[in-house]
Amino acid sequence: MKKAMWAIFGGALLLYVVIVMAIAVGPAIDLAQTPPGPGVKPLTPLQAEGRQVFASNGCDYCHTEQVRPLPEDKVFGRPSAPGDFAYVTPEMLGSERTGPDLTNVGNAKPSDVWQYIHLYDPRAVEPASIMPNFKFLFRVVDKVPAGDTAVPVPPAFAPKHGYVIPTQKAKALVAYLLSLKQAPIPGYRMNGGMGGPTSAAAPAASAPATSASAGGYVFDAAKGKSLFEANCSACHQSTGEGIPTAFPPLVGNPAVEADDPTLQIETILHGAHGKVISGKRYSGTMTAFASQLNDTDIANIANYERSSWGNHAKHVTPAEVAAERAKGN
Amino acid sequence: MAVTAQALGASAMDPTRTGGDDRALASLFKAYTVSATFWLVFGTAVGLLLAFKFGAPDFWAEKYLTFGRLRPIHTNDVFYGWASIALVGCAYYVTVRSCGTQLYSILLARIGLWLFNIAAIAGTIALDLGYNWGDLEYREWPWPIRLVFLAALVVTVWNLLATIARRESKDIYLSNWYIVGGFLWTCVICVVAILPWYQKGLGQVAISGYFMHNAVGMWFTPLALGLFYYAIPKVLNRPIYSYALGVLAFWTNLVFYPMLGGHHFLFSPLPWWLQTTAIICSVGMLVPVLGGGANYLLTMRGRYHGRIESYPLAFLFVGVICYVFGSMQGTVEALRSMQAIWHFSDFTVGHSHFTMYGFVTFAAWGGIYALLPLATGKRPGSLGMSVHFWLALTGVAIYVIALSIGGTVQGLDWVHDKPFIQSVIDMKPYYLWRGVGGILMFLSHLVFVWNVWRMTAGKSGDAPSPIMESEEAAA
């Protein structure tokens, strides 16, 4: 009687332990020693505190931090490499994308001002967002304390009186978010989807460099709109109005309306920070898109800006973008 | 067949049998069911609030009510509060009765119930205060709290093994294989998930993949299947179709299930071989799923007309169907080509409700409706059971269908390189339908509270005995 009991339960337990060692614990011991990839650094104390805020509030139930070697994930960066996760404990890979992946959000949305406005009220920068607001990470004060800066929340979303000031937790969280930047690995990209990532150099066609022949270019308004929505409207807004004191408007913007597109193309390629435009100073930081968008994409975005919201300016060509790109930063 | 009849035992089949131990067992079963019912209502009230927040993100966005804190409270409380405690209560009854003996220790069982509840209460409070161990799915509770849960498992399996050791018959009935197996495996799962040495960087990702699916498939699945093996023959008053098929499903489940967790991290930087193994084992799961499912359905063969008259059987039937189809859906989802569309989308949330609700929760309800009246001698009302059944079934159907379609739309938006926000906008109607399904499900839980009241403390209802007439008598 006892014998049968031990045979069944002991056998089932033993077999399970063997499988678990082989499939979970063994690989984990090995993988825990994965060395950091080139350029992958541990978090600073402030960023680490921010990661704690991120985990406490369950951010990664809606945001993943892993880029798959699939075409649809290209928008978030290069495929994640094992070395990217050397300092990521607890792991933040996530399981669902109710919101976008954050692997590269420090590159995509490098402006702390944007991050603060978005955390205070996501609808202020993205009307269709369903992310909860994190107003509990901010204080509203009558007078801005020395050493602090008020968040320029658009009037429609700002409290009726007083200034919005980020708490220490908000500052830490934003420091963490801005630390999320992929270190470049030259030549590391997908090999066509189902076969996994590879370090072999990919064909030049998929590289975000000069690809379109200048001769055959026709402005694709639909493409321009969709690229603008994906890359630009978070800050400049789909109305082109921007956000006062943070992100400049594109409506009537001298760089967008000028016949000479140099400044506009240069700004899209290399980003900008702390600019004064038409006498007004803007505190936001703009992403550099040189490594993310090809010449045709940038021409389509520039032309969409030049022909929308009442703007009527001369169109640019990919060749002009290529020429500007060749000059370097 | 002889084994089955012998193991179930003539005395165990007699619902009118009374005695000191029976009263103690009944009060134990009652206590577990009442506890579990509390967590069902609490956990799904939180779930309903979460569903509402998808349409109204600024509603109750304060610190302690923010989405990201309530979300793990919902999943952990329905897992470790509701489904675990409900199935453990049933497991005590099944083990004691199928062994034809008395429980080894009522005191240990009561201590176990306290430990389960302490873990769930402390876990809920910790998560709401923002103390978690990272957002590691289903193991967010800080480790000391998960240690309390482990203690509850150890106490319970000790009690069950000691009870099985004093059984009257030579053989151990199949239900007990699944139940005790589930406890032993889950003890291993808890230990592996707590030990910190290898849980750094990618090492922790490997453990997350393992834990996420083993905590489901090596805990809830065996407990629910063990309950099926006892409750279905009991209600139908006939032996299980094939004992051997049940044994085959047991061992194949043990070989394939533990290895499939990696399919949560397909296309991640985890080693490619680990991901491929997970996919192969996900396909291998068809063997135990179809074998087990066929076994239950063949046991029910020829008695389908009785399904509607017998609500306990109807709940068990839905549980079996969702076990088979939910698991097969899981196999299809694990294929790389499908993952490329469905991974990270709400399709996965639909799948988890298909299985954890359609399968596990319906199984627990079926078990409680079939067995609790035998223990307490009190029955629910027929109307109460039918309202519960139809509300829950309609609700979960709407929920799963809405998120399956919505998740597919969402995934295709990404494949077609639309701006991300487009997938958020396209999900809006499906989030609304999910809320509608959720409301029906939650209402059914309130009806269940009423039914539990009648089976435990209240006035006995008009439902017929959960045990159907034998075929000879019916014919």
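The chains referred to below are lettered A, B, ... by the order of the sequence lines, with proteins before strands, and numbering in each begins at 1.
- Neither the backbone nor the side chain of A:Ser233 comes within less than 4.5 Å of any heavy atom of chain B.
- Heavy atoms of B:Ile425 lying under 4.5 Å from chain A belong exclusively to its side chain.
- Between the side chain of B:Trp185 and the backbone N or O of A:Ala12, at least one donor-acceptor pair lies under 3.5 Å.
- In this structure A:Lys223 satisfies the salt bridge (Lys or Arg N to Asp or Glu O under 4.0 Å) test together with A:Asp297, sequence neighbours excluded.
- The existence of a salt bridge linking B:Arg71 and A:Glu96 is confirmed by a sub-4.0 Å separation between a basic side-chain nitrogen and an acidic carboxylate oxygen.
- Remark: A:Met5 CE to B:Trp177 CH2 distance equals 13.5 Å, nearest 0.5 Å.
- There is no contact between A:Gln33 and chain B, counting heavy-atom distances below 4.5 Å.
- Highest contact tally toward chain B, considering only A:Thr34, A:Val88, A:Ile8, is held by A:Ile8 [criterion: heavy-atom pairs under 4.5 Å].
- Qualifying side-chain contact (heavy atoms from CB on, under 4.5 Å) partners for B:Arg139, counting only residues two or more places apart in sequence or in other chains: B:Trp133, B:Leu136, B:Arg146, B:Ala193, B:Gln199, B:Gln204, B:Ile207, B:Ser208, B:Phe211.
- Among residues 55-64 of chain A, the residues having any heavy atom closer than 4.5 Å to a heavy atom of chain B are, in sequence order, A:Ala55, A:Ser56, A:Asn57, A:Gly58, A:Cys59, A:Asp60, A:Tyr61, A:Cys62, A:Thr64.
- In this structure, chain A has heavy atoms under 4.5 Å from both the backbone and the side chain of B:Phe54.
- For B:Pro258, the side-chain contact (heavy atoms from CB on, under 4.5 Å) partners are A:Tyr16, A:Ile19, B:Asn214, B:Met218, not counting sequence neighbours.
- Electrostatic pairing of B:Asp58 and A:Arg123 counts as a salt bridge here, judged by a charged N lying under 4.0 Å from a carboxylate O.
- For B:Tyr210, the part sitting under 4.5 Å from any heavy atom of chain A is the side chain, from C-beta outward, and nothing else.
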